[in-house]
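Basis for what follows: all heavy atoms, side chains included, without hydrogens, waters or symmetry-related copies. Chain letters run A, B, ... following the sequence lines, proteins first, then strands; residues in each count from 1.
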2 protein chains.
Amino acid sequence: MPKYELDRVFQALADTTRRSMVERLVRGPASVSDLARPLDMSLPAVMQHLQVLEACGLVRSGKTGRVRTCHIEPEVLRAAEEWITRQRTSWERSLDRLGDYLTEDPQATADQEPENRSTS
Amino acid sequence: MPKYELDRVFQALADTTRRSMVERLVRGPASVSDLARPLDMSLPAVMQHLQVLEACGLVRSGKTGRVRTCHIEPEVLRAAEEWITRQRTSWERSLDRLGDYLTEDPQATADQEPENRSTS
DNA sequence: AGAATGCTTAAGCGACTACTTGACTATCGA
DNA sequence: TCGATAGTCAAGTAGTCGCTTAAGCATTCT
């Protein structure tokens, strides 16, 4: 999952309407009008949201007769989840290091954190 | 964490620059110019990204002398993570139900999924 | 004091977003 | 076959986003 893809996934999730569509789809496949029914907007608007969800791979759909059936693609959801998890665990690890620093011999953790000792 | 907040959190994460700022901050606090150094854009641009991150609560900062020091707020990160996790597990549960449906007595799972048996 | 550093404000600009309405096509059911 | 249903395409629009430059204001260093 390349960087720019994550842009699109998070962008897709950054909208209440689209998240509610995802919330519906994780419970099982649905047609476009199933998705549209609880939403207070025109069908074309729903279609556009759907396109955003498809463009980032979060949702797939196929047409049978005149009905388009949509379902989520959980791996993409997982990719976004993983990015966040990685950050959170990284933060927890650096908290631990801080704990070590505060209780241990000062020399042991000498040139770790600051990363920029001025540019001069 | 209300709905509209999640809008802003995901929106904040939907940008490579801001994600890279988060990736830096999970390793420890940093000043505005620390954050700006690896980025190929003007300082005001970085400030604007920072404001987006602060507006959704993902980052906090405080000023000491002329230096503003930023740090992440892991609970907000966690809230976003949790929304995704909830969807993924919900999807996994409905997969299980489908498995049951395919292997069990048809009557047991009778009026579950379709949710809309037409509107007529 | 004067210069350098670190951040902040404001204005402007091109690109993108989330809708809308209106018209049109392709099934499906009676 | 005719009408209702399900989806699609196109164009327009108000508002937001990501960036820029230019100017300004504290703090710190010399």
Handout entry: Base D:dC17 to side chain B:Gln48, donor-acceptor N/O within 3.5 Å cut-off
Key = no
Exercise for the section: Determine whether B:Val59 and B:Leu39 fall in the same hydrophobic cluster, where Ile, Leu, Val, Met, Phe, Trp and Tyr are linked whenever their side-chain heavy atoms lie under 4.5 Å apart. Expected result: yes
Problem - Atom-to-atom span, NZ of B:Lys63 to P of D:dA26 - whole angstrom - result: 10 Å
Problem - Closest nucleotide among D:dG18, C:dT8, C:dA18 to the A:His49 side chain - result: C:dA18
Exercise for the section: Output the single nucleotide from C:dC7, D:dT20, D:dT8 whose closest atom is nearest the side chain of A:Met47. Expected result: D:dT8
Exercise for the section: For A:Ser33, report the nucleic acid contact type (base, sugar-phosphate, nothing); a contact means any heavy atom under 4.0 Å. Expected result: sugar-phosphate
Problem - Proximity to the side chain of B:Ser31 - top-ranked nucleotide from C:dT9, D:dC17, C:dC7 - result: C:dC7
Practice task
Choose from D:dT8, C:dA18, C:dA10 the nucleotide whose nearest atom is closest to any side-chain atom of B:Pro44.
Solution key: C:dA10
Completion exercise
Between CG of B:Leu43 and P of D:dT20 the distance, given in whole Å, is 11 Å
Handout entry: Length of the line joining B:Asp7:CG and D:dT16:P, which is rounded to integer Å
Key = 14 Å
Exercise for the section: On DNA chain D, check which nucleotide each of B:Thr64 and B:Ser42 is closest to and give me the residue with the more 5' one. Expected result: B:Ser42
Practice task
To the nearest Å, give me how far apart CG (B:Asp40) and C1' (D:dT20) are.
Solution key: 13 Å
Practice task
Applying salt bridge (Lys or Arg N to Asp or Glu O under 4.0 Å), run through A:Arg88 and A:Glu92 and close with a yes or a no.
Solution key: CA-CA 6 Å; A:Arg88 199 182 32 84; A:Glu92 281 162 7; 3.0 Å; yes
Handout entry: hydrophobic_cluster_shared for B:Val52 and A:Leu13, side chain cutoff 4.5 Å
Key = no
Exercise for the section: Quickly work out the B:Asp15 CG to C:dC16 C1' distance and round it to whole Å. Expected result: 13 Å
Problem - Parallel, tilted or perpendicular: rings of B:Phe10 and A:Phe10 (30°, 60°) - result: parallel
Exercise for the section: Provide, to the nearest angstrom, the distance between the CZ atom belonging to A:Phe10 and the C1' atom belonging to D:dC17. Expected result: 18 Å
Practice task
Return the value, rounded to whole Å, for the distance between atom CZ of A:Arg37 and atom C1' of D:dA6.
Solution key: 11 Å
Practice task
Can you figure out which of C:dA18, C:dC7, D:dC19 approaches the side chain of B:Arg68 most closely?
Solution key: C:dC7
Exercise for the section: Nearest whole angstrom, please: distance from the P of C:dA18 to the CZ of A:Arg19. Expected result: 12 Å
Problem - Selection from D:dG7, D:dT20, C:dC19 that lies nearest to any side-chain heavy atom of A:Val67 - result: D:dG7
Exercise for the section: Ignoring the backbone of B:Met41, work out which of C:dC19, D:dT20, D:dG7 is nearest its side chain. Expected result: D:dT20
Practice task
Could you go through the salt bridge (Lys or Arg N to Asp or Glu O under 4.0 Å) check for A:Glu5 and A:Arg8 one step at a time?
Solution key: CA-CA 5 Å; A:Glu5 284 286 358; A:Arg8 298 209 276 190; 3.8 Å; yes
Practice task
Kindly point out which of C:dT27, C:dT8, D:dC19 is positioned nearest to the side chain of A:Arg66?
Solution key: C:dT27
